[in-house]
S.K.: 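Input: one structure, supplied below.
Because the structure is a prediction, the values reported are computed rather than measured. Throughout, a chain's letter reflects where its sequence line sits, starting with A, and its residues are numbered from 1.
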Number of protein chains: 2
Amino acid sequence: MGEVSIPIGKLARSVGCKVQTIRYYEQIGLLPPPTRTAGAQRRYGEGHRQKLSFIRHARELGFPLPAVRELLALSDETDSDCAKADRIARRQLEAVNRRIAMLSSLRSELERMLRHRHGHRIRDCRVIATLADHTLCSQDHHAELAES
Amino acid sequence: MGEVSIPIGKLARSVGCKVQTIRYYEQIGLLPPPTRTAGAQRRYGEGHRQKLSFIRHARELGFPLPAVRELLALSDETDSDCAKADRIARRQLEAVNRRIAMLSSLRSELERMLRHRHGHRIRDCRVIATLADHTLCSQDHHAELAES
DNA sequence: CTAAAACCTATAGTGACTGGAGCTTCAAGC
DNA sequence: GCTTGAAGCTCCAGTCACTATAGGTTTTAG
Ligand SMILES: [Zn+2]
Ligand SMILES: [Zn+2]
Ligand SMILES: [Zn+2]
Ligand SMILES: [Zn+2]
């Protein structure tokens, strides 16, 4: 257990996030508090680095923090059934699929808006006309912009 | 000019947004302030309804509020060249394309994580293993989740 | 020993709304 | 004209996941 005593800046660089992000994760109870020096500076061990890396990876895959929290807890119960982890991942996959579907219909609408001759005036502009009257839209993009 | 005097709730229902959203748009100077009754309740005209509908439509297409503000201003200058409107729309299309690309790579990573037999334990779970070690990722999804 | 770099806490800000408390006004039925 | 319930009002806090700043302290390399 030669705990390696990593200062926060080095830890941040090693996982590719901001120093404040690490302090924020500690504040919301996602990352356990590290030891402190006599002058109250944080010193992390290898376990912290792994947990933080796990968190950042899950965030990069778009999992919201509550899901990350669950996955992190599960990752410690190595004997449990993984059905729960799989369910969380599947839910995230569905959310990603919904967002892709949404964005695809937005894309085709934007492309349709832009498919017109240029150099004309606003009164004939299809971009402005479409925004002013959504019956000019072909697809039904009209739904909530569900965030991942 | 028989201004129709629509109360805020009816206006909200007619464009499919919340009452608070309308007040918020007024507060940030996006929607002009309406007339008020003697008791200080808002009463809108048809012009307001059109502007608000334009704003909501642009938002549904994912334009951020600063872009909506520009587009709204342009929509009043019917004689101007529409190059600027087109540029804003094209920028938005590019943002949408970036997001779709990002989400597609997230999707395939999530699908890869989930493609394993079920009924096993956490210690063998590919979902958890992948999160713990991103070298198990095939694609390079590791980038910022650029918001639209 | 000095000076710069890194660290600390606390607070506020981001975008685009959303929700609530506590009050007032409006409109319909009687 | 009166009652009553729906709808409106202002102001403020909360959402999510950070990010930035101010103003101070600690560490570390030279
Ligand atoms: Zn145009
Ligand atoms: Zn539309
Ligand atoms: Zn599994
Ligand atoms: Zn990965």
S.K.: What I want to check is whether an N or O donor and acceptor connect the side chain of B/Gln41 with the base of D/dA7 at under 3.5 Å.
M.R.: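 No, no donor-acceptor pair under 3.5 Å.
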S.K.: Measure from OH on B/Tyr25 to P on C/dC17 and round the result to the nearest Å.
M.R.: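 Checked: the OH to P distance equals 3 Å.
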S.K.: Atom CD of B/Gln27 and atom P of D/dC12: how far apart are they, to the nearest Å?
M.R.: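 About 11 Å, once rounded to whole Å.
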S.K.: Is the shortest distance from a Lys or Arg side-chain nitrogen in A/Arg121 or B/Asp81 to a carboxylate oxygen in the other one below 4.0 Å?
M.R.: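 Salt bridge between A/Arg121 and B/Asp81, a charged N being under 4.0 Å from a carboxylate O: no.
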S.K.: Atom CZ of B/Arg69 and atom P of C/dA16: how far apart are they, to the nearest Å?
M.R.: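 These atoms are roughly 10 Å apart.
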S.K.: Does the pair B/Glu26/B/Arg42 count as a salt bridge with the N-to-O cut at 4.0 Å?
M.R.: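 A salt bridge links B/Glu26 with B/Arg42.
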S.K.: Can you work out whether A/Gly39 or A/Cys17 has the more 5'-proximal nearest nucleotide on DNA chain D?
M.R.: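 Nearest nucleotide further toward 5': that of A/Cys17.
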S.K.: Is B/Tyr24 near enough to C/dG15 that one of its side-chain N or O atoms lies under 4.0 angstrom from OP1 or OP2?
M.R.: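 False: B/Tyr24 side-chain N/O out of range (4.0 Å or more) of C/dG15 OP1/OP2.
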S.K.: Please figure out whether A/Val19 or B/Ala38 has its closest DNA chain C nucleotide nearer the 5' end.
M.R.: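 Result: A/Val19.
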S.K.: Is the phosphate of D/dT19, meaning OP1 or OP2, less than 4.0 Å from a side-chain N or O of A/Thr21?
M.R.: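 For D/dT19, OP1 or OP2 has a side-chain N or O of A/Thr21 closer than 4.0 Å.
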S.K.: I'd like to know if B/Arg91 pairs up with B/Glu94 as an ion pair, taking the criterion as any Lys NZ or Arg NE/NH1/NH2 lying under 4.0 Å from an Asp or Glu carboxylate oxygen.
M.R.: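 A salt bridge is absent here (no side-chain N lies under 4.0 Å from a carboxylate O).
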S.K.: Rounded off to whole Å, could you give me the CZ-to-P distance for the A/Phe63 and D/dC16 pair?
M.R.: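 So the two atoms are 18 Å apart, to the nearest Å.
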S.K.: Is the distance from OP1 or OP2 of C/dT9 to the nearest side-chain N or O of A/Arg42 less than 4.0 Å?
M.R.: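 For A/Arg42, the contact criterion (side-chain N or O under 4.0 Å from OP1 or OP2 of C/dT9) is met.
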S.K.: Give a yes or no on whether the backbone of B/Ile100 and the side-chain of B/Ser104 come within a donor-acceptor separation of less than 3.5 Å.
M.R.: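 Such a contact is found between B/Ser104 side chain and B/Ile100 backbone.
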S.K.: Does the side chain of B/Lys18 get closer than 4.0 angstrom to OP1 or OP2 of C/dG19 through an N or O atom?
M.R.: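 Yes.
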S.K.: Could you tell me the separation between the CD1 atom of A/Ile28 and the C1' atom of D/dT19, rounded to a whole number of Å?
M.R.: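 Nearest whole value for this atom pair: 14 Å.
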S.K.: If every non-hydrogen atom of B/Arg56 is compared with every non-hydrogen atom of B/Cys17, which pair is closest and at what distance?
M.R.: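 So the two residues come closest at NE-CB, 3.9 Å.
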S.K.: Could you tell me the separation between the CG atom of B/Leu65 and the C1' atom of C/dG15, rounded to a whole number of Å?
M.R.: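 Checked: the CG to C1' distance equals 8 Å.
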S.K.: On the nucleotide D/dT10, are OP1 or OP2 found under 4.0 Å from the side-chain N or O atoms that B/Arg36 carries?
M.R.: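 It does, given that an N or O in the side chain of B/Arg36 lies less than 4.0 Å from OP1 or OP2 of D/dT10.
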S.K.: For A/Ile22 and C/dT9, give me the distance from atom CD1 to atom C1', rounded to whole Å.
M.R.: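 Rounding to the nearest Å, CD1 of A/Ile22 and C1' of C/dT9 are 16 Å apart.
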S.K.: Please tell me which of the listed nucleotides, C/dC26, C/dA16, D/dT27, lies nearest to the side chain of A/Arg43?
M.R.: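 My answer, after comparing the listed nucleotides, is D/dT27.
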S.K.: Select one nucleotide: of C/dT18, C/dA27, C/dC8, the one nearest the side-chain heavy atoms of B/Gln20.
M.R.: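 Ranking C/dT18, C/dA27, C/dC8 by closest atom to the B/Gln20 side chain puts C/dT18 first.
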S.K.: Does A/Arg23 put a side-chain nitrogen or oxygen below 4.0 Å from OP1 or OP2 of C/dC8?
M.R.: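 So the side-chain polar atoms of A/Arg23 do come within 4.0 Å of the phosphate oxygens OP1 or OP2 of C/dC8, strictly under.
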S.K.: If you compare every side-chain N and O of B/Thr37 against the phosphate oxygens of C/dC26 (OP1, OP2), does one of them come in below 4.0 Å?
M.R.: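 Answer is yes, contact under 4.0 Å.
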S.K.: In whole Å, I'd like the distance from the CD1 atom of A/Ile8 to the C1' atom of C/dT9.
M.R.: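 A/Ile8 atom CD1 is separated from C/dT9 atom C1' by 12 Å.
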